[in-house]
Amino acid sequence: MKDTLKKVLEAKQKKNIVFYGISQNKCRLTSEEKKKWNAYYMDVDVQIKADVEHYIGSFEEAEKKQMDAFIVMRQMIANQAAFLKMLDYANAHDADIYDENGRDIGSVCKEARHRKYCDRETLEREIAAHEYISFDIFDTLLTRKVLLPEDVFELAGRRLTAGGIKISNFKEKRIRSQSELGLTNPTLDEIYDKFQRKYKIAPETAKQCLVMEMDIENEVLIPRKDMVELYRQCVARGKKVSLVSDMYIPGELLVPILEKNGITGYDSIYISCDKKQLKLQGLLETYQAETKETGSFLHIGDHLIHDGICAGLAGMDYCLVANSYKMALKTAYRTSVEAAKTLEEHLMLGLSIAKVLNSPFSFVEEKGTIEIAADYDYGYGFCGAVLSQFALFLYEEVKKEGFDDILFAARDGYLMQKMYDLLRERRPEDKDLMPKGTYFYTSRKAAVMTCINNEAYINMLMDISVGMPPRKLMKERFGLQSSQLLPYSLEKYEGVDQYVWAHVEAIFRRAEEAKRNYFKYMGNIHLQIGGKYAFMDFVSSGTSQKSLARIVPFEIKGIYAGWNSSESQEEVGVKSLYSDISTFFLQYYKVIETFMTSEEPSLSHFDKDGKPVFQRQERTKQELLYVKEMQRACMDFFSDFLNLMDGKAENISNMLVDSIFAVSNAAEITDSESVLKNISLMDDWRQVRLKREKMHQDYGRR
C-alpha cells in the first residue's frame with residue numbers, strides 16, 4: 001500500500017475497507033494493517049483470491065458488512081457498470097472511493113454526477129474564464145449520421161459484400177477483434193491486423209476492409225454546428241486549444257476529417273491510440289504535463305466518466321454537453337430508438353437525430369421540447385423519413401405490378417415524382433423495368449365533374465357542399481360559368497337543391513364537355529387505351545381515382561401513402577402504406593401536404609384543346625418559397641439515405657417511421673421567419689383554409 005493512500009485512510013479514520021480488483025496475497029498488507037482497516041477483497045467481474053472470511057461477492061454483501069471505503073486497485077474501463085454500482089453504494093452509505101494513490105475519486109465522481117449539462121451561456125462564460133481549452137472530438141465536436149457507432153461496421157460489411165468481398169458476420173468480427181486487444185489502445189491498423197490473423201483473412205482483403213471503414217467514417221461524420229462554432233471562437237480569441245479524444249482512428253487519418261468539418265487551428269491533438277493511453281488511464285494528465293504551462297484548464301466533452309470524472313481527477317475544470325443519442329433517449333425519440341431494428345432503420349433514424357439534435361442545446365428538458373432552428377430542419381428531420389419510406393414503397397409496388405406507367409397525381413405527386421426519379425437514377429439495374437412516370441393533372445373538382453351524369457351524383461355533391469353559397473356551389477361543384485347561372489332568390493327557390501335542379505341540363509352538358517376535354521388531355525400525354533397505370537396519391541379516400549375509373553379507357557390502380565376511408569381498399573383498387581387511423585401520420589399528414597405540391601394552383605378543368613385551366617393562386621410568395629425549402633429538405637434527406645444505402649433499402653417499418661414523425665409534436669421552431677409556424681392549408685375541394693393548429697385529422701368513432 002502506498003504511503004499517500006495510508007495517510008488518507010488514517011486521516012479519514014476508515015474502519016471497514018474493500019480493496020477492489022486485487023487478490024489478498026497481492027495486496028501485501030501487514031497483519032497490523034489488515035486488522036487496523038478490517039480489510040476485505042472484492043471484484044464482481046474478474047476472479048480474485050481471498051480467504052473466505054475476507055471475501056465480498058456483491059455490493060449487497062458489502063452493505064451487510066457496513067463497508068465505508070473502496071480502494072480501486074485495477075482499471076475498470078471495461079466494467080463501468082460495476083463502477084457505477086460502486087458509486088451508487090458510496091452515495092447511499094456515505095462511503096468513500098479512492099484509487100491506489102489515495103486520490104478521492106469518489107468525491108470527484110459524486111460532484112460529476114450532480115453536474116448538469118451546460119447551456120450555451122454557461123459554456124461561453126467558462127471558456128472566457130480559462131486559458132487552456134481542450135475539446136473531446138466524437139459526440140462533442142463531431143457526430144455521426146447513423147444511430148450507433150457500430151452501424152458503421154454493419155454498413156461496411158454490406159458494401160464489402162456488394163463489392164465481392166464476402167466476410168460473414170463482419171460487424172461482429174470487427175467488434176471482437178478490437179475487444180480482444182483489451183486496453184492496449186490499438187490503432188485501426190492494429191485492429192485489422194488482429195482481424196486478419198484471427199479470422200485468416202488475406203492481408204490485402206483486410207486492408208480493403210480498413211479502407212472501407214474509413215471511407216464510411218468520412219461519409220457519416222458531420223460537425224455539431226453550435227459546438228464547432230464555439231470551438232472556432234476559442235481559436236479566434238487566442239485561447240490555447242487542444243483536442244483530446246479516446247479513439248482508434250489515429251491522428252494522421254483523423255486530421256483530414258477534422259479539416260473537412262471545419263476543425264482547424266488547434267495547438268495539439270491527443271488521440272488515445274497514438275498515445276497508448278485512454279482518458280481513464282491519464283490522457284488528460286499527459287496533455288496537461290506536455291503543455292508545460294501553468295494556468296487554468298477547461299475540458300469540454302459529452303461523457304460523464306471520460307470527460308467529466310477524468311478531467312476532475314486531472315485537476316481540470318470541465319463542462320459537459322449532451323450528445324445527440326443521449327438527448328434522443330430523453331425525448332419522444334426513445335420510442336424510435338426502441339423501434340429501430342434493421343440497419344436501414346438505424347440509418348434513417350440516425351439521419352433524423354443528427355439533424356434535429358445536432359446542437360447540444362436543442363432539448364429543453366424543463367419544457368420537454370426540442371428547439372428547431374429552421375423550417376428546413378423540421379422538413380429534413382421529421383418529414384423526410386415519411387416521404388422516403390413512401391417513395392421506396394411506391395417504387396417496389398410499381399416494380400412488382402409491372403405497370404405501363406405511373407400517373408403522379410397533381411399536385412401531391414410533384415415532389416414524389418422527383419423522389420421516384422432519384423431512386424430510378426440510383427438503381428440503374430432496374431432501368432428497363434421501371435416506367436419513367438408522368439405528372440398527371442387532376443383534382444377532385446376536375447375528376448368529379450366528368451361523372452355528373454345522374455341524380456345520385458348531383459345529390460352527393462350537394463350533400464358534401466352544405467353551407468356553400470348557391471352560385472358558388474354551381475361554379476365550384478358543377479363547373480358552370482356565371483353566364484349559365486339563373487338568378488337566385490329565396491322567393492323563387494325553397495332550397496338550394498331546387499336551385500341546383502333548375503340547372504340539371506346545363507350540368508349534364510358541362511359534365512360531357514369536361515369528360516371530352518379530359519380525354520383530349522389524356523391523348524396529349526399519350527396514355528394508351530387498354531393500358532395499366534399506377535395512380536399515385538398521397539393521402540386520400542379515393543375520390544379522384546374512383547371518378548376517373550368511371551370514364552378512362554384503361555386500368556388504374558391506386559398507390560397511396562395513406563388511406564383514410566372506411567371503404568375497402570381492395571374494392572376501390574388501392575394499395576396504401578398506412579391505413580391505421582390511429583397512426584400519427586394519418587392524423588397529422590396535412591402538415592406535409594402544405595409543401596408537397598407544385599407551385600401551380602389547383603386544377604380547375606381542361607379546355608377544349610386538353611390544356612389545364614387552373615384555379616386562382618391562393619399561396620403567397622413567401623409560402624411558395626417555403627414549399628421549395630421544405631421540398632429541398634426532404635430531397636436532401638432521401639438523397640443522404642440513398643447514398644448511405646447505395647440506393648438499396650428495405651425492412652423499414654411503419655412503426656419506426658411513424659414514431660419519427662411523431663417526435664415533431666414536441667418540436668418548437670425558434671426561427672422568427674418561420675413560415676411553418678403560421679402556415680395554413682387551402683382545401684380546394686371544400687373551399688376552406690385550415691390553420692396549422694386545425695390540421696389534426698379527426699376520424700370520429702371510426
Side-chain angles (χ1 to χ4, degrees), residues 344 347-348 351 379-380 383-443 522 525-528 531-540 544-545 548 554-563 573-578 585 589 592-593 595-600 603 627-628 630-652 654 657 661:
E344 288 89 340
L347 299 185
M348 188 167 274
L351 286 170
Y380 186 104
C383 307
V386 175
L387 296 180
S388 296
Q389 184 199 21
F390 179 43
L392 293 164
F393 171 78
L394 172 69
Y395 188 94
E396 292 303 325
E397 286 299 312
V398 170
K399 185 176 179 179
K400 182 169 61 180
E401 292 283 346
F403 292 105
D404 295 316
D405 202 358
I406 313 171
L407 305 181
F408 289 94
R411 293 177 293 170
D412 291 347
Y414 181 77
L415 177 57
M416 293 315 304
Q417 185 174 19
K418 288 185 176 181
M419 299 182 88
Y420 174 80
D421 289 345
L422 180 61
L423 192 48
R424 280 182 77 233
E425 180 186 313
R426 299 295 176 88
R427 296 186 180 181
E429 68 276 13
D430 292 344
K431 184 177 180 181
D432 296 331
L433 297 174
M434 304 301 291
K436 186 177 179 181
T438 298
Y439 185 66
F440 183 72
Y441 282 113
T442 191
S443 66
M522 293 176 194
I525 61 173
H526 310 296
L527 300 187
Q528 301 297 312
K532 181 181 179 183
Y533 295 94
F535 182 81
M536 175 264 136
D537 207 345
F538 188 49
V539 176
S540 177
S544 294
Q545 181 182 331
L548 289 170
F554 46 76
E555 178 185 354
I556 54 174
K557 182 175 181 181
I559 303 178
Y560 299 175
W563 176 251
V574 171
K575 182 73 176 290
S576 70
L577 183 58
Y578 289 85
F585 170 67
Y589 68 88
I592 299 179
E593 284 191 337
F595 64 82
M596 280 194 69
T597 67
S598 71
E599 294 178 52
E600 296 171 329
L603 176 72
V627 167
K628 283 186 176 180
M630 296 294 275
Q631 290 187 7
R632 183 173 69 87
C634 293
M635 286 297 293
D636 286 349
F637 181 95
F638 192 42
S639 179
D640 288 347
F641 180 70
L642 293 180
N643 285 342
L644 289 174
M645 293 305 305
D646 288 338
K648 309 292 191 298
E650 52 188 17
N651 303 320
I652 302 171
N654 284 11
V657 175
F661 188 36

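Just so it is clear, the values below take in all heavy atoms, side chains as well, and ignore hydrogens, waters and symmetry mates. The chain is numbered in sequence order, starting from 1.
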Straight-line distance of Cys383 SG to Tyr589 OH, nearest 0.5 Å: 14.5 Å
Contact summary for Ser443 and Leu603, nearest pair of heavy atoms: OG-O, 2.8 Å
Give me the atom names and distance for the closest heavy-atom approach of Pro435 to Ile406. CG-CG1, 4.0 Å
Determine whether Tyr578 and Tyr560 make a side-chain contact, defined as any pair of heavy atoms from C-beta on separated by less than 4.5 Å. no
Residues which pass side-chain contact (heavy atoms from CB on, under 4.5 Å) with Lys532, listed by chain and number, not counting sequence neighbours: Glu401, Phe403, Asp404, Glu555
Of all heavy-atom pairs between His526 and Gln528, which one has the smallest distance, and what is that distance? O-NE2, 3.1 Å
Please find out if less than 6.0 Å separates the ring center of Phe595 from that of Phe538. no
Rounding to 0.5 Å, atoms CG (Leu577) and CG (Asn654) come to a distance of 4.5 Å
Given the rule in the side chain to side chain contact (heavy atoms under 4.5 Å, CB included) test, do Met419 and Tyr395 qualify, once you have shown the distances and angles that lead to the verdict? CA-CA 10 Å; Met419 299 182 88; Tyr395 188 94; over 6 Å; no
Residue list, salt bridge (Lys or Arg N to Asp or Glu O under 4.0 Å) with Lys436, at least two apart or on another chain: none
Closest heavy-atom pair and its distance - Ser576, Trp563: OG-CB, 3.5 Å
Can you label the angle between the Tyr439 ring and the Tyr414 ring as parallel, tilted or perpendicular, going by 30° and 60°? perpendicular
Kindly give the heavy-atom pair with the smallest separation between Met348 and Ser388, and that separation in Å. CE-CB, 4.1 Å
Quick check: do Gln545 and Ser540 have side-chain heavy atoms less than 4.5 Å from each other? no
On a heavy-atom basis, the closest approach of Phe535 and Ala409 is CZ-CB, 3.7 Å
By side-chain contact (heavy atoms from CB on, under 4.5 Å) - contacts of Thr597 (at least two apart): Arg411, Asp412, Arg619
Within the structure provided, determine whether Phe638 and Leu392 are in side-chain contact (heavy-atom separation under 4.5 Å). yes
Supply the atom-to-atom distance Met522 CE to Tyr533 OH, rounded to the nearest 0.5 angstrom. 10.5 Å
Residue pairs passing the side-chain hydrogen bond (donor to acceptor under 3.5 Å, both in side chains) test with at least one member in residues 415-427, sequence neighbours excluded, are Glu396-Arg427, Arg426-Ser639, Arg426-Asn643
Quick one: does Leu415's side chain get under 4.5 Å of Met635's, heavy atoms only? yes
Hey, are the side chains of Asp405 and Phe554 touching, using non-hydrogen atoms and a 4.5 Å cut-off? no
Please name all residues satisfying side-chain contact (heavy atoms from CB on, under 4.5 Å) with Asp432, sequence neighbours left out, ordered by chain then number. none
Which residue in the set Val398, Val574, Asp537, Leu407 passes side-chain contact (heavy atoms from CB on, under 4.5 Å) when paired with Ile559? Val398
Could you give the distance from OG1 (Thr442) to CG (Leu548), rounded to the nearest 0.5 Å? 4.5 Å
Could you work out, with side-chain contact (heavy atoms from CB on, under 4.5 Å) as the rule, every residue matching Ile525, not counting sequence neighbours? Thr438, Phe440, Tyr521, Leu527
